[in-house]
**Student:** 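One structure follows; several queries about it will come next.
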Number of protein chains: 2
Amino acid sequence: MDAATALIIYKTYLERYVTFSTEEWETFTQHVTFTKLKKKQHFATADTVCDKFGFLVSGSVRYYHIINGEDITSYFSFEQEFTSSYKSFLTRTPTITYIQALEETRLINISYDAFQKMLANPILAHKMERFGRLVAEHYLCCYEDRVASFITQSPEERYLQLLQTGRDILQRMPQHYIAHFLGITPVSLSRIRKRIMEPVVK
Amino acid sequence: MDAATALIIYKTYLERYVTFSTEEWETFTQHVTFTKLKKKQHFATADTVCDKFGFLVSGSVRYYHIINGEDITSYFSFEQEFTSSYKSFLTRTPTITYIQALEETRLINISYDAFQKMLANPILAHKMERFGRLVAEHYLCCYEDRVASFITQSPEERYLQLLQTGRDILQRMPQHYIAHFLGITPVSLSRIRKRIMEPVVK
DNA sequence: TCAAAACGTTAACAAAAGATAAGAAATTGA
DNA sequence: TCAATTTCTTATCTTTTGTTAACGTTTTGA
């Protein structure tokens, strides 16, 4: 896949948020960069500032933390989604999260400087403010649901809900990643699955 | 306290995000409304659309869910903070959260329509996009930390962290609200407190 | 292709959390 | 003021989860 094709995918996706005129798009594309990650390479590393706001043209990533030497997966992103250690990107402070490619992954990135330049560029400023607002609002809504799930649901209920809504995650991620994503251990998820399945068999 | 004083407090707070010119501020203030909630009155109700994005001039609110008939507190907001069932406000879908005043509470509200009108008003559009972006980004950062705390920390660790950072909550909220906010039962929090305190006494 | 690594399940035990109830202290509100 | 309510703790018992380890299977990568 070449850069032109990647840009078409990017533009199509961005139209969920904003629509660019030809002039705006040309200016916009001057501010993005193309990168590729091989499997297991990192997009972001704990204790460093995540300087990029990425879009996954293809591939997937997982977000994880190292807690007492143990690898704890907290989230996933797939092709045609954004990826970033958002707080780190916005506040220019070190992140606590690793973001790692799970397969060969193609990205289009906006650096922090490029983002600021576009916000200061008369051609793009208004649209970039709106873009930033709508993207932040979108992820805010996702987070609101996710926090509510930790407050109001048991691990088993969270897993049952994932069964209904998490097609990509369930089909593409190993179970021990999913367990940590749900806030439990892999052994515990295995037991929950057994609890859920057995009554059906009886 | 009169509306003029409330507006001064509001404007001062908003300057964390954007600064309004005199003309902008005059237009802005035409789009806000003033309300008061008595203790236990609701700012938002589950199964209805939350139509307002509020600012607490004074007072405080708690966010809660009714789960199997039980009242589960999930969050708090205090004077000089915003309050809203944000996803419901943005997407115009029914919320699952009640927001209730914990004391006599004074608010300045932006309705969804007023927000849209300001976004469409040439005088305010750019500043409102920016305002919306920065507010959403701010809360996004808070949510990122909160989700990480559920993934990477035990209930005891979350409580210990709250002891370091949650002055307002600890001093002003009853312990059973705090327990649910941490994702555990009040009985469990009482035990955690005992576990933490005892070694100090010995 | 083949050894190494990763993955999922299960078992056994320990630790933590949930549910329920009782009781004391503090707060509230009429 | 004073009865009712709320709040917090404690105890008991149950359930769930965590921890560790073992085992067989699958996947990976050199």
Side-chain angles (χ1 to χ4, degrees), chain A residues 38-41 59-60 62 64-73 76 100-104 149-160 162-163 169-201, chain B residues 38-41 60 62 64-74 76 100-104 149-160 162-163 169-201:
Chain A
K38 287 181 191 161
K39 187 171 178 173
K40 294 193 180 172
Q41 279 192 320
S60 56
R62 75 178 175 112
Y64 70 95
H65 301 257
I66 299 293
I67 307 293
N68 303 328
E70 204 190 346
D71 172 328
I72 308 287
T73 298
F76 315 97
Q100 182 187 48
L102 292 166
E103 56 196 298
E104 175 117 339
S149 80
F150 284 113
I151 297 290
T152 66
Q153 295 184 303
S154 66
E156 181 169 327
E157 288 168 333
R158 288 200 292 278
Y159 178 65
L160 286 169
L162 188 70
L163 286 178
I169 290 175
L170 289 168
Q171 285 175 5
R172 295 172 61 177
M173 293 298 145
Q175 199 170 301
H176 64 292
Y177 288 173
I178 294 172
H180 288 305
F181 165 73
L182 293 171
I184 56 178
T185 61
V187 175
S188 191
L189 178 56
S190 186
R191 281 187 294 228
I192 285 171
R193 284 163 52 83
K194 196 180 175 188
R195 276 207 302 268
I196 292 169
M197 296 310 163
E198 269 177 349
V200 178
V201 176
Chain B
K38 288 183 189 158
K39 186 170 178 172
K40 294 194 181 172
Q41 278 191 321
S60 56
R62 76 177 175 111
Y64 70 95
H65 302 256
I66 300 293
I67 307 293
N68 302 328
E70 205 192 347
D71 172 329
I72 308 287
T73 298
S74 62
F76 315 98
Q100 181 187 48
L102 292 166
E103 57 195 296
E104 175 119 338
S149 80
F150 284 112
I151 297 290
T152 66
Q153 296 185 302
S154 66
E156 180 167 329
E157 288 168 334
R158 289 201 292 278
Y159 178 65
L160 286 168
L162 189 70
L163 285 178
I169 290 175
L170 290 168
Q171 286 174 4
R172 294 172 61 178
M173 293 298 143
Q175 200 171 298
H176 64 291
Y177 288 173
I178 294 172
H180 288 304
F181 165 73
L182 293 170
I184 56 179
T185 61
V187 175
S188 191
L189 179 55
S190 186
R191 280 188 295 230
I192 285 170
R193 283 163 53 83
K194 196 179 175 187
R195 275 207 303 269
I196 293 169
M197 296 310 164
E198 269 176 348
V200 179
V201 176

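The chains referred to below are lettered A, B, ... by the order of the sequence lines, with proteins before strands, and numbering in each begins at 1.
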**Student:** Calculate, to the nearest 0.5 Å, the distance between atoms NE2 and OG1 belonging to His176(A) and Thr185(A) respectively.
**Tutor:** 12.5 Å
**Student:** Please determine if a side-chain N or O atom of His176(A) lies less than 4.0 Å away from the OP1 or OP2 oxygen of dG8(C).
**Tutor:** yes
**Student:** Rounded at 0.5 Å granularity, tell me how far CZ in Phe150(A) sits from CZ in Arg158(B).
**Tutor:** 8.5 Å
**Student:** Examine distances only and state if a side-chain atom of Gln100(B) and a backbone atom of Arg62(B) form a donor-acceptor pair shorter than 3.5 Å.
**Tutor:** no
**Student:** Looking only at side-chain N and O atoms, does Thr185(B) come under 4.0 Å of OP1 or OP2 in dA17(C)?
**Tutor:** no
**Student:** For a quick check of understanding: with a heavy-atom distance under 4.0 Å over all strands, which category does Pro155(B) fall into, base, sugar-phosphate or nothing?
**Tutor:** sugar-phosphate
**Student:** Enter the distance from Thr152(A):OG1 to Ile67(B):CD1 here, rounded to the nearest 0.5 Å.
**Tutor:** 4.5 Å
**Student:** According to a strict under-4.0 Å criterion, is Arg191(B) in side-chain N/O contact with OP1 or OP2 of dT12(D)?
**Tutor:** no
**Student:** Would you please confirm or rule out a distance under 4.0 Å between OP1 or OP2 of dG8(C) and any side-chain N or O of Ser190(A)?
**Tutor:** no
**Student:** Rounded to whole Å, please give me the gap between CD1 in Ile192(A) and P in dT17(D).
**Tutor:** 5 Å
**Student:** Think Arg193(B) has a side-chain N or O under 4.0 angstrom from the OP1 or OP2 of dT10(D)?
**Tutor:** no
**Student:** For Phe181(A) and Phe76(A), take the angle between the two ring planes, folded into 0 to 90°, and tell me which bin it lands in: parallel under 30, tilted 30 to 60, perpendicular over 60.
**Tutor:** tilted
**Student:** Taking the side chain as every heavy atom from C-beta outward, state whether Ser60(A) and Glu103(A) have any atom pair closer than 4.5 Å.
**Tutor:** yes
**Student:** Does dT6(D) have its OP1 or OP2 closer than 4.0 Å to a side-chain nitrogen or oxygen of Gln175(B)?
**Tutor:** no
**Student:** Could you work out how much the helix from dT1(C)-dA30(D) to dA30(C)-dT1(D) bends, comparing the axis of its first five pairs with that of its last five, to 10°?
**Tutor:** 60°
